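Computed from a predicted structure; not experimentally measured. Proteins get letters first, then strands, A, B, ... in listed order; numbering begins at 1 in each.
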Amino acid sequence: MLDAAGVGGIDALFDEIPAQLKQVRLERVPEALNEMQVTRLLQERAAQDGRWSSFIGAGAYEHYIPAAVWQLVTRGEFYSAYTPYQAEASQGTLQLLYEYQSMIAGLTGLDAANASLYDGASALAEAILMAVRLHKSSRRILLPANLHPHYAAVARALTSSQGVELIELSYDSRRGTITPDALPLDGAAALVIAQPNAFGGLEDVHALTDRAHAHGVLVIAVVNPVSLGLLNAPGEWGTQGADIAVGEGQPLGVPLSGGGPYFGFMTCKAAHIRQMPGRIAGRTVDLDGTPGFTLTLQAREQHIRRSKATSNICTNQGLAVTAATIHMALLGPAGLQRVAQTCHANLLALLERLQPLGVRPRFSASCFHEVVIDVGAPAPAVLAAMRAQGVLGGFDLGQWSPELSSSLLVCVTETKTMADLDHYAQALAAALSGRSSQERAS
Amino acid sequence: MNRLIFERSRTGRVSAQLAPAGAVVDDIPPALLRAAPPPLPEAAELDVVRHYTRLSQKNFSIDTQFYPLGSCTMKYNPRAANALAMLPEFLAHHPLAPEATGQGLLACLHELQEILCEVSGMAGVSLAPMAGAQGEFAGVAMIRAWHRSRGDHARSEIIVPDAAHGTNPATATMCGYAVREVPTDRSGNVDLDRLRAAVGPQTAGLMLTNPSTLGVFEQRILDIRDIVHGAGGLLYYDGANLNAIVGKVKPGAMGFDVIHMNLHKTFSTPHGGGGPGAGPVGVAERLLPFLPIPMVACEAGSDGRGTYRWLTEADRPQSIGRLSAFMGNVGVLLRAYVYARMLGRKGMARVAEFATLNANYLMVELARAGFDLAYPARRASHEFIVTLKRLKDETGVSAMDFAKRLLDKGVHAPTTYFPLLVPECLLIEPTETESKETLDAFVAAMKAVLEEARTQPDLVKSAPHTMPVRRLDDVRAARELDVVWKKSTRT
């Protein structure tokens, strides 16, 4: 091949590169491992991390994923395909994306969907930029203080250089929810409503949506897709419905995997689709009139529009969306409803077990599958004691806010059995009594 | 097309995946509850498995076809990387679980950070960006943060060559910059005179892909560095083509201040029909404080062993901030880590060597077969451009037609109409994982289509003929938008 390429040796292939640049040492790159060796290494590291009975949610949720989902996702024809720019050779991926868009639009009760964004938080940032483009005369966005703080941080990082003003709305300290009265709606472009909010609580989405619309303010819904098996869809909020819905798609068949890859979904009213960022699959016909699928509205995108594009994004989270589509198809309407109902029922069952310990919800609003409990002691110590019993007892909310330093955010999904809930209650009881006996001793 | 999963739906049909029946919900205000079940398809598990298996079979993929898609690096994705990233403990690990329960995972990520630092020649790396384009965003945001930290608010422009990926100008806009384009000279390098004229006190930086999207190495990269740095700007390395020089040249040595790396290219994580990717960013010393969070730190523990933890806002107050809800695309990072460990120190350079050898071999063979090269006097990097302008003038067969006919020959089409400045172009990247036999078969397919274009141009213009659909009506797709199936409008 070297002869055919007309060079005497490999080094000649790099002869256009200035010689002083080619002194490369890679000392910090270890020597190669073969597949058996690297397997051993990774298995040891995975075993080191172990398995836990986890009650942590806070934006990423443990759900059962049917075996068929990832067996199909990792078929080479999905796994190793490129973005479907050559539509005729990518009808599988394109039809799947169209089905995904149909499912997620239906689930959120809105008209149109894109083929996904990176994750829930970046999808919110893109929705904010989209709302600013739609509103035209305002760049002010109202963000509730009970939105997941990482979402607010990502929104800040991704929108700050475009002159977007993010205004924080405080929440009612008793209910943990946003009060629809007295919102600074005048002159705002959009109101963000998280349902459930970051405390797991349910907002009065109808009143909030109607108030916003009465002031000409767009509504961006941030929702948990599994909760929509039980709760009403953003498209049904208030009299007109939310304008844009986004959220973390991970609960739909994507493993926790240490934080990613997940996917962000985005749906909107039909009128807004041309301002939506990201890939969109559409149905059309071929030269014979046979139906088929292609990427559409590409004139919004960076590879065509360059500096005038709606976003620089040139990815959807392909495999994660493939998983979500298959997952939703396997669950079906009844399956998703049952998962949501079971999550909720399990949360109530846990709270029942905590009552005798004197542990109650911190806020009074109803919850879906996650709740803030007050343990009356510093959360880190309580969580460490529970961990000694094999239980990850929740998320320490002191990390978000000092006034919540004795509060845990606890999530229960359909994966937990009554025995798991009993074990949680015992671990918490032990953690609290161990603590009080220590206090007595000192 | 295959029937939609919705059209296979039968009322009341369920898969075996139902959770136990949930209790009646009576503690949530009824106004907040869904009135009707969500409109998802109702299907048995076998229906679902068969449907999506059949859909998958309508795709081209690396596992089934040669995929010489320029600028996309469609190389083999080792199966071990997938299997090990999907070990049950890793999959079950919650991103907010205590760091003590994730030391094994964090060790892998920390070592990947180190490997990427070494390969790129940068002082520090953050794994946070979830794709190349987000890495670009992070990179340009750091350039902006650096200028501002020095009180330099006059820098309002990012310079990009006309050959750049579309993400470069789109990113600059997202970061609040105006975009100034510089042209390419006849040999395929950035036009240095025009670059000199373009820089000034308004220049925040230059975004450059090297080797460029024209498939050639910027020979005067050190002059480019001096011009941009001399004007007070920073140099951004778009790592899309790192595959061509990995282990041979470090971007840091070329003078770049910021780099993003597309792990789904050089580090062979799957493209997955459009993602997920991962786009770690690396920076030179002076930009270290601005790296996006979270990053993995290794601190000496009391037992002498390293303890790993995530660095957040509190540790890195000057950071450009958080780009994702959690830790970036960890599962993708794990795949890249496994790939890097299997390549090892010596394997890195082998990637660039074989990728470059394959490209140069293919370039010479295609020239011999009668194709016009866009830059015949240049050495190919890991990719090169063929222009079909002469063929178009003679036969009316366009690069698009040619590409579609290649699908009929069982190979994925090369990238067409990119970069924008070469007319009727095919950007061809064979990658290092293909054999000589595959390359020779591709040359034969190219020759066959060339012959058809000359003797039966209509056959090529109406291609493809053997795909599940014929050429699709894109105009109709955009004009009569149908992006969501609706039960009411179809039966």
- Query: Roughly how far, to the nearest 0.5 Å, is the OG atom of A/S311 from the CZ atom of B/F137?
  - Reply: 9.5 Å
- Query: Which bit of A/S307 comes within less than 4.5 Å of chain B, counting heavy atoms only: side chain, backbone, both or neither?
  - Reply: both
- chain B interface, residue from A/L2, A/V73, A/L336, A/V285 that has the most non-hydrogen pairs under 4.5 Å: A/V285
- Query: Tell me, side chain or backbone of A/L392 under 4.5 Å from chain B's heavy atoms, or both, or neither?
  - Reply: side chain
- Message: If you count heavy-atom pairs within less than 4.5 Å of chain B, which of A/H303, A/Q91, A/E16 leads?
- Response: A/E16
- Query: Looking at side-chain heavy atoms only, is the closest gap between A/F293 and B/V469 below 4.5 Å?
  - Reply: no
- Message: Rounded at 0.5 Å granularity, tell me how far CD in A/E77 sits from CD1 in B/I62.
- Response: 12.5 Å
- Query: B/I28 versus chain A, heavy atoms under 4.5 Å apart: side chain, backbone, both or neither?
  - Reply: both
- Contacting region of A/L107 [heavy-atom separation from chain B under 4.5 Å]: both
- With a 4.5 Å limit on heavy-atom distance, are the side chains of B/V48 and A/I326 in contact? yes
- Who among A/L348, A/L383, A/T296, A/L202 has the most heavy-atom pairs with chain B under 4.5 Å? A/T296
- Task: Please name all residues satisfying side chain to side chain donor-acceptor pair (under 3.5 Å) with B/K346, sequence neighbours left out, ordered by chain then number.
- Result: A/E31
- Query: Shortest non-hydrogen contact from A/A81 to B/F60?
  - Reply: CB-O, 3.4 Å
- Are B/R341 and A/E35 close enough, and set up right, to give a salt bridge (Lys or Arg N to Asp or Glu O under 4.0 Å), and what steps lead you there? CA-CA 9 Å; B/R341 291 302 307 263; A/E35 184 173 320; over 6 Å; no
- Check each atom of A/Q48 against the heavy atoms of chain B and say whether the ones under 4.5 Å are side chain, backbone, both or neither. side chain
- Query: A/A281 versus chain B, heavy atoms under 4.5 Å apart: side chain, backbone, both or neither?
  - Reply: backbone
- Distance-only, no hydrogens or angles: does the A/E62 side chain make a donor-acceptor pair with backbone N or O of B/A92 under 3.5 Å? no
- Task: Pick one of side chain, backbone, both or neither for A/R156, based on which atoms fall under 4.5 Å of a heavy atom in chain B.
- Result: neither
- With a 4.0 Å cut-off, would you call B/K58 and A/E88 a salt bridge? no
- Task: Using a strict 4.0 Å threshold on nitrogen-to-oxygen distance, state whether B/R471 and A/D286 make a salt bridge.
- Result: no
- Heavy-atom pairs under 4.5 Å with chain B, option from A/P255, A/C314, A/A121, A/G59 with the top count: A/P255
- Message: Is B/A141 close to chain A through its backbone or its side chain, or both, or neither, when contacts mean heavy atoms under 4.5 Å?
- Response: neither
- Query: Does A/T294 reach the main-chain N or O of B/D474 with its side chain, forming a donor-acceptor pair under 3.5 Å?
  - Reply: no
